[in-house]
Colleague: 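Okay, here's the structure, questions in a sec.
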Amino acid sequence: MTLQERDKKHLWHPLTQHQSQQQILPIVKAKGALLYDEKNNTYIDGIASWYTAMYGHCHDYIIEKVQQQMQQTDQIVFAGFTHKPAIELSEQLIEILPDNQEKIFFSDNGSTANEVAIKMAIQYHHNQGEKRQTIIAFENGFHGDTFGAMSVSGLSVYNGVFEDLFIDVKRISVPNSENNESIQKQLKDIISDKNVAAFIYEPLVQGANAMHMYSASYLDEILKICKDNNVVTIADEVMTGFGKTGKYFASEFMINQPDIICLSKALSAGFVPLAVTSCSIKIYQSFLSDDFNQAFLHAHTYTANPIACTAALSGIQLLLSNTIQENILNIIQSHHEFDRVISGHSMVKSTRQLGVIYAIDLNIDIKRYGNKRNEIFDFFMVRGVCLRPLGRTVYIVPPYVIDSEQLQHIYASIIELLDELGID
Ligand SMILES: *Cc1c(COP(=O)(O)O)cnc(C)c1O
């Protein structure tokens, strides 16, 4: 039996309608910016496997560090014990996170990082004798698929089935030049109830919302209103973190810093699952008490897994290196140049870029999971390029190690697509 046939037998894939799904492609090797299939065909990973493997797949430096750590410790219970990988990672994270971040809490994925943040925010108020249970979130946001995280995500085909079971959430539009004032008014109205625990947002780029981008100054004003009203601000940087926006974290573009930041995806460089919820000293201190019940009584078994922490620490060391920083600048510049070439194309509706994140809205209507979308996915794969269009949006978030030839090949494939769509 082929791998494909064996896959079909027992596996259930995410975001997949198995009745109509045509093919699931086995990948046998991943290195740098490339994925290899069984026939040794290569695909340039233009989205770094959902923005995880940002330093390239199977980076030798990370492998070496992880191998060394594996000789030392595997999982160690993190309640009552500690270890060097977690300590070093916490020190390194605090050094590069926004200045007000002081404490690091570990979990396993982006959804749980947000669950932890939401629970921290609600208990922060509870510990001060206030019952606040409403969370404000942006429409069309995405924060994950567990109950709290999906409750604060935009209502869609992904979470709609479970709507009646959501935690209490109020959604506001993402600000733009037209609605900015009305959103601020709406926000103040909602907050005036005194029931709002937190505001959760993806800073500057809504990844799953087809890389929708919005202005730092509007977000800053919203954050200011939250701060003034003791509403805990939660920056979900699961997608935007670790250099993709051109800064280490998107929150650096604002003056008002979040109380809590959620990290995952590129955190552990594509090696193993890991997530972090960091917070300010103000949040942390509200959990200190003679009363045990005021502690944050939340744990995942694999909290601060030493192997994962080592992968993360090594990944951040790469991020800070001159090589990667130069690569990031080169990718940003290349995207700019490519944008100049295609933004006037008749099949391009609009384009946008922040750092290495570049997105094109095609000038045609395409359903998020429709046939046309799948055709475009296949169009790229045939050309050795892995991009996952979101409806009409084609976007690139390449691993920082991508070389200019590979990047140019992605661009050329996109131009070919635009020309072909133009003929139809
Ligand atoms: C991917 C993502 C999540 C969910 O992370 P998982 O690891 O898939 O649970 C949450 N928020 C944002 C912004 C994401 O991009």
Side-chain angles (χ1 to χ4, degrees), residues 12-16 45-54 105-121 135-156 158-159 162 166-167 169 171 174 198-214 219 233-245 248-251 253 258 260-278 298 300 302-303 305 308 311-312 315 354-357 359 368 388 390 393 395-397 399:
W12 190 342
H13 289 264
L15 303 178
T16 301
D45 190 350
I47 60 164
S49 290
W50 271 341
Y51 349 118
T52 55
M54 292 308 293
F105 190 93
F106 287 105
S107 65
D108 313 325
N109 58 70
S111 305
T112 54
N114 285 311
E115 293 292 332
V116 165
I118 292 166
K119 286 177 70 176
M120 260 183 197
I135 312 291
I136 299 176
F138 278 140
E139 277 160 15
N140 304 322
F142 178 70
H143 300 290
D145 284 338
T146 52
F147 263 90
M150 80 169 169
S151 301
V152 296
S153 299
L155 198 57
S156 70
Y158 302 99
N159 58 6
F162 308 100
F166 283 0
I167 62 168
V169 54
R171 297 192 181 84
V174 177
F199 166 58
I200 187 167
Y201 58 99
E202 294 159 89
L204 306 190
V205 189
Q206 292 184 304
N209 185 22
M211 300 294 157
H212 179 79
M213 296 179 189
Y214 64 101
L219 178 57
T233 49
I234 303 170
D236 177 355
E237 295 229 26
V238 170
M239 198 285 289
T240 50
F242 301 101
K244 299 185 202 80
T245 62
Y248 293 144
F249 301 98
S251 290
F253 286 90
I260 297 179
I261 298 180
C262 302
L263 304 170
S264 189
K265 291 202 165 112
L267 167 66
S268 44
F271 273 78
V272 275
L274 183 69
V276 153
T277 306
S278 72
H298 180 113
H300 297 285
Y302 274 94
T303 295
N305 175 264
L354 184 64
V356 305
I357 307 166
R368 199 168 166 115
R388 287 178 51 94
L390 291 166
T393 306
Y395 70 93
I396 319 173
V397 185

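Position 1 is the first residue of the sequence; numbering continues from there. Excluded from the calculations below are hydrogen atoms, water molecules and symmetry mates; all remaining heavy atoms, backbone and side chain alike, are included. Numbering of ligands and ligand atoms starts at 1, following listing order.
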Colleague: Has ligand 1 got any nitrogen or oxygen that is less than 3.5 angstrom from a nitrogen or oxygen of Gly110?
Modeller: yes

Colleague: What do we get for Trp50 next to ligand 1 when only non-hydrogen atoms under 4.0 Å count, side chain, backbone, both or neither?
Modeller: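 The answer is neither.
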
Colleague: Is it the side chain, the backbone, both or neither of Asn114 that has a heavy atom closer than 4.0 Å to ligand 1?
Modeller: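 Only the side chain of Asn114 comes within reach of ligand 1.
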
Colleague: I need the contact type for Asn109 against ligand 1. Using non-hydrogen atoms and a strict under-4.0 Å cut-off, is it side chain, backbone, both or neither?
Modeller: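 It is both backbone and side chain that touch ligand 1.
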
Colleague: Under 3.5 Å between any N/O of Asp236 and any N/O of ligand 1: does that happen in this structure?
Modeller: yes

Colleague: Before we go on, tell me: are the rings of Phe242 and Phe249 under 6.0 Å apart, centre to centre?
Modeller: yes

Colleague: Answer yes if a protein heavy atom lies under 4.0 Å from atom 7 (O) of ligand 1, otherwise answer no.
Modeller: yes

Colleague: Any nitrogen or oxygen of Glu202 lying under 3.5 Å from a nitrogen or oxygen in ligand 1? Just yes or no.
Modeller: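 Glu202 vs ligand 1: no N/O contact under 3.5 Å.
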
Colleague: Would you kindly specify which portion of Lys265 sits under 4.0 Å from ligand 1, judged on non-hydrogen atoms: side chain, backbone, both or neither?
Modeller: side chain

Colleague: Do any nitrogen or oxygen atoms of Ser111 come within less than 3.5 Å of a nitrogen or oxygen of ligand 1?
Modeller: yes

Colleague: If you draw a 6.0 Å radius around OH in Tyr302, do more than 12 non-hydrogen atoms from other residues or ligands fall strictly inside?
Modeller: no

Colleague: Starting from the C-alpha separation in whole Å, work towards a yes-or-no answer on side chain to side chain contact (heavy atoms under 4.5 Å, CB included) for Tyr201 and Ile234.
Modeller: CA-CA 6 Å; Tyr201 58 99; Ile234 303 170; 5.6 Å; no

Colleague: Nearest 0.5 angstrom please: His143 NE2 to Ile200 CD1, how far?
Modeller: 4.5 Å

Colleague: If we count only N and O atoms by modelled type, under 3.5 Å, do the side chains of Thr112 and Glu115 hold a donor and an acceptor together?
Modeller: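 The criterion, which ignores hydrogens and geometry beyond distance, is not satisfied for Glu115 and Thr112.
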
Colleague: At their closest point, which heavy atom of Thr240 faces which heavy atom of Thr245, and how far apart are they?
Modeller: O-CG2, 3.9 Å

Colleague: Looking at Ala311 and Ser268, what are the two nearest heavy atoms and their distance?
Modeller: CB-O, 4.0 Å

